[in-house]
Amino acid sequence: MQAYGIKISNLSKTFGRGDTAVHALKEVNMQVEPGEVVGLIGPSGSGKSTLLKCLGAIIEPSAGQMYLGDQLIYDNGWKISDLRALRRDKIGFVFQAPYLIPFLNTLDNVALLPMLAGKSNKEARQRALELLTVLQVEHRAHALPSRLSGGEQQRIAIARGLINRPPVILADEPTAALDSVRALTVIRTLNDIARDYNTAVIVVTHDDKIIPTFKRLYHIRDGITYEEQGQGREIL
Amino acid sequence: MISLAGRDILHAWGKFVFTGVGLGLLIGVTLTMAGVYRGMVDDAQVLLDNSAADLWVVQKDTLGPYAEPSNLPDDTWRAVANIPGVANASNVTYLTMQVSSASGETRALVTGIANSGPGSSGWPLRLLAGRQVSKNHYEAVADIASGFKLGDSIQIRRNRYLIVGLTKRMVSSSGDPMIFIPLLDAQQAQFLKSNDAIAQNRRRISQNPIFNNPRNPEVLDAVLDLQESNTQVNAVLVQLKAQAEPKQVAEDMRRWLRLQVYDREQMEQILVGKLIATSARQILMFLVILAVVSAAIVAFIIYTLTMGKIREIAVLKLIGTHNKSIISMIIQQALALGIIGFMVGKIAATVWAPFFPKYVLLVTQDTITGLIAVLGMCVLASFVAIYAALRVDPADAVGG
């Protein structure tokens, strides 16, 4: 697998103009290596979600640079026109709530992405099943999301984020709705994935249960990031 | 690729099916309205077919005998029969009235048929039971839609008639069943005055010294006879010889007899284009309104279904689903709803059509047109939902 990381330099995002302009991000710098899991923490309104949307190629930054591996994807303007394909192939998303498609079973929820990318149904489902096995939810492959527990749903969501083997995974408060045990299971899973697939993982969180597990943290406050060494506590 | 629309429908099939049934009943009403119109046109054409006439001779400057009153002397047929090309000419009278029997009453088109025998113009073409009218008085053949049975005794004006035969699909242009009686009885029924009116008329005439002249008492009798007898019919039905050209024969009659003559095409135009034109426009308005209501309901349902999946659509867009896949999902669902609705509507219309008091004719052409219209309407109705879905921001899937 090609080793990618994500790097942003002097990234800023301003909403509005003139006197009413809101500077959500001010010259943010961040770098996450392949195989690394970093936390992004900060109070409400600090710019976490805006940064996540910029990193996820969902909204356009106002200035700065963004690299995905060696590829410059933003330099005061998008360098890639097909952001939809970029999101589909290069970025995995894990949300606060799993947001699984309620009318698709577990297997198809995960297999949908490679199918959208043009893979055959058989190949996509085979790959999805492999991933569900890795995440230990293969026995729930044919269950609808409404039949799954919160932890199972979140693991399915992680599988969906991983299915196209993206170099970067962006997780938005993935443990917010889970108890301690399930939250730590999810974080352990993300760490395993980062290690096994050489994926750069950014976890946006408020969750005190999981913050000590990160080896490296980015604090964001008033649109500015501060890097900090984490405790890197081992997850049992 | 997975059919997102199909999976969504299977997931919430109950909601979908019940919505489709509701829509289907509305479509069923729409198809029935079209069937009512077709039935009216068919009734008009059946009336012309059953008269077995090539030409209709009626009172000058009228659209008779079906669309306007028409009166002709009952000896006109002799002059008509002498025009070159005419094979047969028969008097006929038509009178729409309430006809009663012991079991109840019904509205019917009482038709007076000349004593020219079965197969002549105006006579019932086929019998389901019994026989044709064979006497000059007090026998009748009735359409089964009248509800009368063989042997029933029915009351027309002052006289009672015995039902001797039953026929089928012999109806007026407004769908009323026809009852055939001898021409003389029909003439009497059509122009019969009440006893009081006759007595009053006799008294008035006898008080007139011009008519009641003691030196010539036969004048009064003659005048009274004229007043109380009827020698009028509504039309003369004409059958032409095989080689005769209807338009030419009609033109000859207009020129030499100074009467109004219509051929089949003109009579159809009068019945369909004039007599039922207002009803047809009325039905067309209903059809348009029902189509608009159906479209609005489909649009609302599809919009609601789409809005219920807004977060999922945001996720789909975020993870890279093409807009065309989302558009396809919405259109497929709209079409599926339309197909379910149409099937339900078609079945419903077929089931309830026979229970309508007037003839409802469901034709294949209307079914195909209806299906195409419903599918087109569903695609159009899904545009609002598609617009809403395309406006969903993928960022909505991410909190904050």
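Throughout, protein chains are lettered first and strands after them, A, B, ... in sequence-line order, and every chain is numbered starting at 1. In this text, all values refer to a predicted model and were calculated from it rather than measured experimentally. Just the heavy atoms: all of them, side chains too, but no hydrogens, waters or symmetry mates, feed the values below.
Atom CZ of B:F355 has 12 or fewer heavy atoms from other residues, nucleotides or ligands within 6.0 Å. Counting heavy-atom neighbours within 6.0 Å of B:Y37 OH, excluding the residue itself, gives a total of 12 or less. A 6.0 Å sphere centred on CH2 of B:W352 holds more than 12 heavy atoms belonging to other residues, nucleotides or ligands. The local environment of CZ in B:F16 is crowded, with over 12 non-hydrogen atoms from other residues, nucleotides or ligands closer than 6.0 Å. Counting heavy-atom neighbours within 6.0 Å of B:Q282 CD, excluding the residue itself, gives a total of 12 or less. With a 6.0 Å radius and a threshold of 12 heavy atoms from other residues, nucleotides or ligands, B:R107 has its CZ atom above the threshold. At most 12 heavy atoms of other shown residues, nucleotides or ligands fall within 6.0 angstrom of atom NZ in B:K168. Counting non-hydrogen atoms of neighbouring residues, nucleotides and ligands closer than 6.0 angstrom, the CZ atom of B:F300 reaches no more than 12 such neighbours.
Interatomic distance, B:I2 CD1 to A:F103 CZ, rounded to the nearest 0.5 Å: 9.5 Å. Rounding to the nearest 0.5 Å places CG of A:N105 at 6.0 Å from CZ of B:R7. A:I59 CD1 to B:D393 CG: the interatomic distance, rounded to the nearest 0.5 Å, is 9.0 Å. A:Y99 OH to B:E312 CD: the interatomic distance, rounded to the nearest 0.5 Å, is 9.5 Å.
With chain A as partner, the option from B:I319, B:T321, B:L318, B:V315 having the largest number of non-hydrogen pairs under 4.5 angstrom is B:L318. Top candidate by heavy-atom pairs under 4.5 Å with chain B, chosen from A:G56, A:G45, A:P102, is A:P102.
Contact detail for A:I58 and B:P394: the closest heavy-atom pair is CG2-C, 4.2 Å. The two residues A:L116 and B:S325 have their closest heavy-atom pair at CD2-OG, 4.4 Å. Residues A:R87 and B:K317 share a closest heavy-atom pair of NH2-O, 3.1 Å.
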Verdict with supporting geometry, A:L104 and B:D8, side-chain contact (heavy atoms from CB on, under 4.5 Å)
CA-CA 8 Å; A:L104 296 181; B:D8 191 20; over 6 Å; no

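When heavy atoms are compared at a cutoff of 4.5 Å, A:D108 approaches chain B by way of both its backbone and its side chain. Both the backbone and the side chain of B:L4 come within contact range of chain A, each with at least one heavy atom under 4.5 Å from a heavy atom of that chain. Only the side chain of A:L113 comes within contact range of chain B, with at least one heavy atom under 4.5 Å from a heavy atom of that chain. A:L86 does not touch chain B: none of its heavy atoms, backbone or side chain, sits under 4.5 Å away.
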